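Okay, structure first, notes after.
Computed from a predicted model, the values in this text were never measured in an experiment.
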Amino acid sequence: MEKLFDINEEGFSVRCKLFFNKDIHAVNNVVIATHGFGGFKDNNSIARFAEKIISKYKNYGVICFDWPCHGMDARKKLRLEECMTYMRLVVSYAKEKLNAENVYNYSTSFGGYLTLKYVAEKENPFAKIALRCPAIKMYDVMDSHMSEEDRVKLSKNKDVISGHERKIVIDKAFMDELKECDITKKDYMDYADSMLIIHGTKDEMVPISYSEEFSDNNVIELIKVEGADHRFMDQKKLDFAIQKIIEFFAPKEA
């Protein structure tokens, strides 16, 4: 089953969707699933993941939400600190409204970058974290896919447009934030046992070398999926990744 809801706190309105089996009151394990840059909560990979995990574990639920300036969100300028606030509000909802005993995190691309930033700078509320094609060097990813014309515009403090499903307004302040927040300089060794990274060898957006270097430096398990692109468009490869994540999130008694 699905439930759409908004978290209206602190002047923000976080647009969310909850997937659960039949009885919402039976949910005591919650996976927070986050999308990538320019994406939105209503995407196939999250829905497919949610369908599979709640059919296997009846007491699991999955919350996805729109990052600021994404999907149905009403924010106009993308800021990393507001992304951190959204994560905090969703985690609080899972714990306080759904009474979740365990909160997990499944994030892709930009969502993976934001999750790592949150863990390093705020807290780690997650029992386990699974990252698919995380944009560990988010500034480099954004800069490498930007035209020279857009770089010139940013240098002159003019906005540029980027994104996929929804076009996002990018300004120099946001790019400066990304450049300043280099998560490769942060230490995740204490969380290594509770982290899993899955990355396609044919990722055209985020080089797999980013995940290789990051996993080596922090002793985090990395599963390489041969031939998979950034969005895991091959359904069999996506299902393989989802199955690995579900196994990683399995309850202790299973």
### Summary
Contacts of E2 meeting salt bridge (Lys or Arg N to Asp or Glu O under 4.0 Å) (sequence neighbours excluded), chain-then-number -> K17
### Query
Under 4.5 Å between side-chain heavy atoms, hopping through other hydrophobics if needed: is there a path connecting M1 to V30?
yes
### Message
Using the salt bridge (Lys or Arg N to Asp or Glu O under 4.0 Å) criterion, which residues pair with E247? Sequence neighbours excluded.
### Response
none
### Task
Enter the distance from N99:CG to N28:CG here, rounded to the nearest 0.5 Å.
9.5 Å
## Note on the structure
Sorted by chain and residue number, the salt bridge (Lys or Arg N to Asp or Glu O under 4.0 Å) partners of E226 (sequence neighbours excluded) come out as none
### Task
Only counting residues at least two apart or in another chain, list the ones meeting ring-ring contact (aromatic ring centres under 6.0 Å, His included) with Y188.
F214
#### Entry: Check: Y210 ring centre within less than 6.0 Å of H199 ring centre
no
### Query
Can R88 be said to sit on top of Y118's aromatic six-ring, NZ or CZ under 6.0 Å from centre and within 45° of the ring axis?
no
### Query
With sequence neighbours left out, what residues match F249 under ring-ring contact (aromatic ring centres under 6.0 Å, His included)?
Y104
### Query
Does NZ or CZ of K128 fall inside the cone over F248's six-membered ring, less than 6.0 Å from its centre and within 45° of the axis?
yes
### Query
Does the ring of F5 carry K3 above it, NZ/CZ under 6.0 angstrom from centre and within 45° of its axis?
yes
### Message
Is it the case that atom NZ in K186 sees more than 12 heavy atoms from other parts of the structure closer than 6.0 Å?
### Response
yes
#### Entry: With sequence neighbours excluded, residues passing salt bridge (Lys or Arg N to Asp or Glu O under 4.0 Å) with K172
D176
